[in-house]
Structure formats: C-alpha cells, structure tokens
Amino acid sequence: MKIIVDGSNVAYYGQKPNEETGKVTPSLKTLKVAIHTLKKLGHEPLVLADAPLRHEIDDKDGFNEMIQNEEVFPVPAGTIADHYILNLAYEEDAKILSNDFFREYQDEFQDISSRRLPYRVKDGRFQIGKPSPPKKVKNILQKICSKSLNEFESRGFDVYKSKRNNKFSGLAVAQEAINRVNDEEENAIDTKLENVFMKIPILNKLVGIVDEEIEDSDFLIFVLVNPKDYKEAVKNAGTIAVTVKNKLGLDHSPLVAVRNDLFTRPGAFELNIIYSDEILEESPYNLDIIINDSDYSFIKHNSRNIASTLAGRLGTWKFPRVAVKPSMLMEKPGQFEISIERGGKN
C-alpha cells in the first residue's frame, strides 16, 4: 500500500521543548523509524516535508542526504504542505501517516479520517493505528431514491410526493386515510371516478396475489413508514383496513400494504392511496446502482429498502429489481450513478 508520510508531523512527535529556549526540535531518528516500520510491513512510504523542516531538524546533514537519495521529498516552494499532502493522497488513493486531523480542510476533502493513519511510539516501538471507518454520506439513500424517482417521473409515471410525515399510530393512519378519501383537495386518489367506492375487482390486476376476501377492494392504501417502524405498522394493517371500511361504510375492506420508505422519518408515516385499476403488478423498470467502494456495503445492505421505497411511491405491488455494483472509477464517498432499464411485464 502506498502511504504518504507527513514528515514534519512525524519528526516532531514526542519532542519536548528546550528548557531554556522553549524551542521544539524535530527528530530525524523518529522519521527514520517510521519509514523503516512501514517498509517492514510491506508498505511503500512517500515522505513529504515542508520547507522549514530541513532547517529545524536535529540532523541536518542526514536529512539532506535523504533528500538527495530521494527518501524524502520537499513540498514544492510556495505550496501549503498540508494541502499538498491531502491533494496527493486523494489523487493517488493513498493513506496518510499523520496525527494531524487536518480540520481546516474537512470541507474540501471528504472523510479525511478514513484515509489518515494515526501512530504512536511506545516502549521504543513505532506503532501504526487503523483509519476510521468511512463515514456514510448523509442521506445518500434518499439521494439515490430521489434521483431514481425523478427518472421514473420523466418517463411519465406518477410519483407520490411526501406531504406531512404525520406521527405514526394505527389510529392516525386510519384517520388520515378516511380524511384523504373524503377531502378532494387533499385526495391522493385520481378523482376521475365520480363514485369513490365504485367496485373494481383488484384481482383483475393482481392475479393470485391477494386473498379472496379482499379481491373486491376498491383501492389500495400504501402505508409508507421508516424501516424502524415496519413491524409495528404491519401489526396494525388489518385493524387499519377494518377501521376504514367501517367508518366509510364500504362493502369490502381496502387492501393495506406496508412499505419501508427511506423518506419517512422514524415515528411518522405517509399514505399513497391508489385505485385498484391503476395498480401495477410489477415495476415496469429495474434499477442498477453504480456506487463507490466506500458506500458499496451500506447501499447493498439497504437495496431492498430502496426497492420498497420506489414500489411504494410508484404504486407497484412487486418491488423493482435493484442491483448494486461497485466501481473503481468512483473514488469519493457519496458518488453514485443510476441506470434504469425496462423490466416487469409492461
């Protein structure tokens, strides 16, 4: 592994101020021990040092000899050493041996802590620590879903948009469904049908999917919840269906389907209510996600939640296929691309 050594940071490690002058003198020995340790571990060290180090180090002749032998490389004149080290590390996809947190460059260089190798000297031994795990880019799952839904919308599909994120409870879900059906202005159902309870057998669209007792449902209620609330929502699905049926005087209970939704906050819910004649059995498109190595495992683990979110927002019964593929060309956390291809039966 190529490791860029922050030469000044290492040379100053553990050095104490002179009692008389208060000056701290960097140590060439510490730097050499670090280089030797890295090589012994099979790494390829690249030592960079800022301009002042050659004038301040305790063994100037030895240090200059290392420069001549290309064991140490001075940072180009007029260049800020820390910025140069970081820039080179990201360009070369290398780790950085340094105890500097580079806080002033956190905005420019993403997730420095996952690239930085801390170190210490204990009992005369140079010990190298491990980098921090890569941070998950905030809302990367929502970003993937948003981009995907925008693409579906551009292809002519209706996409449910978040409205309130109401506080979740079985009663609250049932009441919201009742209100949405009764209030045309806030109604998510297409008002093209004059009779909101016109009987359209759901079995015509979902052959073999639903039970006989609900095959005459007029509409389907997608209950969109945060994955943390999924189990609780499923427990309430039957009660919600019965409550809506009784309150509105329906002949048949609506079909209630709970979907994990990555846009919905924990403890809240959204409803996407669709007439049975508008429900798609399968998603007409499938999704390929090309992702950077840092986020691959995280996105792969959540691929079903992504599929559930798309299904609930598009109003499809079956989930689209979501395939996650890593790419070496994407170096920074948060980078991704999507590709939508035709799928399903439509």
Let me check something: do [X] and [Y] share a hydrophobic cluster, defined by ILVMFWY side-chain heavy atoms less than 4.5 Å apart, either directly or through other members?
{"X": "Leu262", "Y": "Val322", "result": "yes"}
{"X": "Phe319", "Y": "Ile289", "result": "no"}
{"X": "Val242", "Y": "Val234", "result": "no"}
{"X": "Leu97", "Y": "Leu86", "result": "no"}
{"X": "Leu38", "Y": "Tyr12", "result": "yes"}

Only pairs under 3.5 Å count here: list side-chain donor-acceptor contacts from residues 73-84, not counting sequence neighbours, and write none if there are none.
residue, atom, partner, partner atom, Å
Thr79, OG1, Pro76, O, 3.2
His83, NE2, Glu108, OE1, 3.2
His83, NE2, Glu108, OE2, 2.9

Heavy atoms, side chains only, cut-off 4.5 Å: are [X] and [Y] in contact?
{"X": "Leu46", "Y": "Leu88", "result": "yes"}
{"X": "Leu48", "Y": "Ile4", "result": "yes"}
{"X": "Thr309", "Y": "Asn260", "result": "no"}
{"X": "Val121", "Y": "Val33", "result": "no"}
{"X": "Phe222", "Y": "Asp261", "result": "no"}
{"X": "Ile291", "Y": "Met330", "result": "no"}
{"X": "Tyr105", "Y": "Ile85", "result": "no"}
{"X": "Leu141", "Y": "Asn305", "result": "no"}

When rounded to the nearest 0.5 angstrom, what is the spacing between [atom1] in [X] and [atom2] in [Y]?
{"X": "Asn166", "Y": "Thr264", "atom1": "CG", "atom2": "OG1", "answer": "10.5 Å"}
{"X": "Asp58", "Y": "Glu56", "atom1": "CG", "atom2": "CD", "answer": "11.5 Å"}
{"X": "Ser339", "Y": "Asn286", "atom1": "OG", "atom2": "CG", "answer": "10.5 Å"}
{"X": "Ile299", "Y": "Ile144", "atom1": "CD1", "atom2": "CD1", "answer": "4.0 Å"}

Taking everything shown except [X] itself, do over 12 heavy atoms lie less than 6.0 Å from its [atom1]?
{"X": "Lys60", "atom1": "NZ", "answer": "yes"}
{"X": "His301", "atom1": "NE2", "answer": "no"}
{"X": "Glu153", "atom1": "CD", "answer": "yes"}

Query raised in the report: What residues, two or more places apart in sequence or in another chain, satisfy side chain to side chain donor-acceptor pair (under 3.5 Å) together with Tyr230?
Result: none
Query raised in the report: To which residues is Leu171 joined in a hydrophobic cluster, defined by side-chain heavy-atom contacts under 4.5 Å among Ile, Leu, Val, Met, Phe, Trp and Tyr, whether direct or through other members?
Result: none
Main-chain N/O of [Y] paired to [X] side chain as donor or acceptor, under 3.5 Å:
{"X": "Arg54", "Y": "Ile67", "result": "no"}
{"X": "Lys167", "Y": "Phe269", "result": "no"}
{"X": "Gln15", "Y": "Pro26", "result": "no"}

Query raised in the report: Does NZ or CZ of Arg115 fall inside the cone over Tyr90's six-membered ring, less than 6.0 Å from its centre and within 45° of the axis?
Result: yes
Requested in this report: Check the pair Asn236 / Val173 against side chain to side chain contact (heavy atoms under 4.5 Å, CB included), numbers first and verdict last.
Outcome: CA-CA 9 Å; Asn236 285 278; Val173 173; over 6 Å; no
Report task. Any chance you could lay out the salt bridge (charged side-chain N to carboxylate O under 4.0 Å, His left out) test for Glu270 and Arg313, step after step, and finish with the verdict? Result -> CA-CA 10 Å; Glu270 293 276 354; Arg313 298 267 166 173; 5.4 Å; no
Query - Arg155/Glu151 ion pair, N-O < 4.0 Å - result: yes
Query raised in the report: What pairs with Tyr119 under ring pair (Phe, Tyr, Trp, His ring centres under 6.0 Å), at least two apart in sequence or on another chain?
Result: Tyr13, Phe126
**Report entry** Donor-acceptor side-chain pairing of Asn179 and Gln175 below 3.5 angstrom
**Finding:** yes
Query - Partners passing side chain to side chain contact (heavy atoms under 4.5 Å, CB included) against Asp123 (at least two apart in sequence or in another chain) - result: none
Report task. Enumerate the residue pairs fulfilling salt bridge (Lys or Arg N to Asp or Glu O under 4.0 Å) with a member in residues 33-42, sequence neighbours excluded, ordered by first and then second residue. Result -> none
Query raised in the report: Which is it for Asn226 and Asp229 under the side chain to side chain donor-acceptor pair (under 3.5 Å) test, yes or no, and what are the steps along the way?
Result: CA-CA 5 Å; Asn226 187 277; Asp229 300 313; 5.9 Å; no
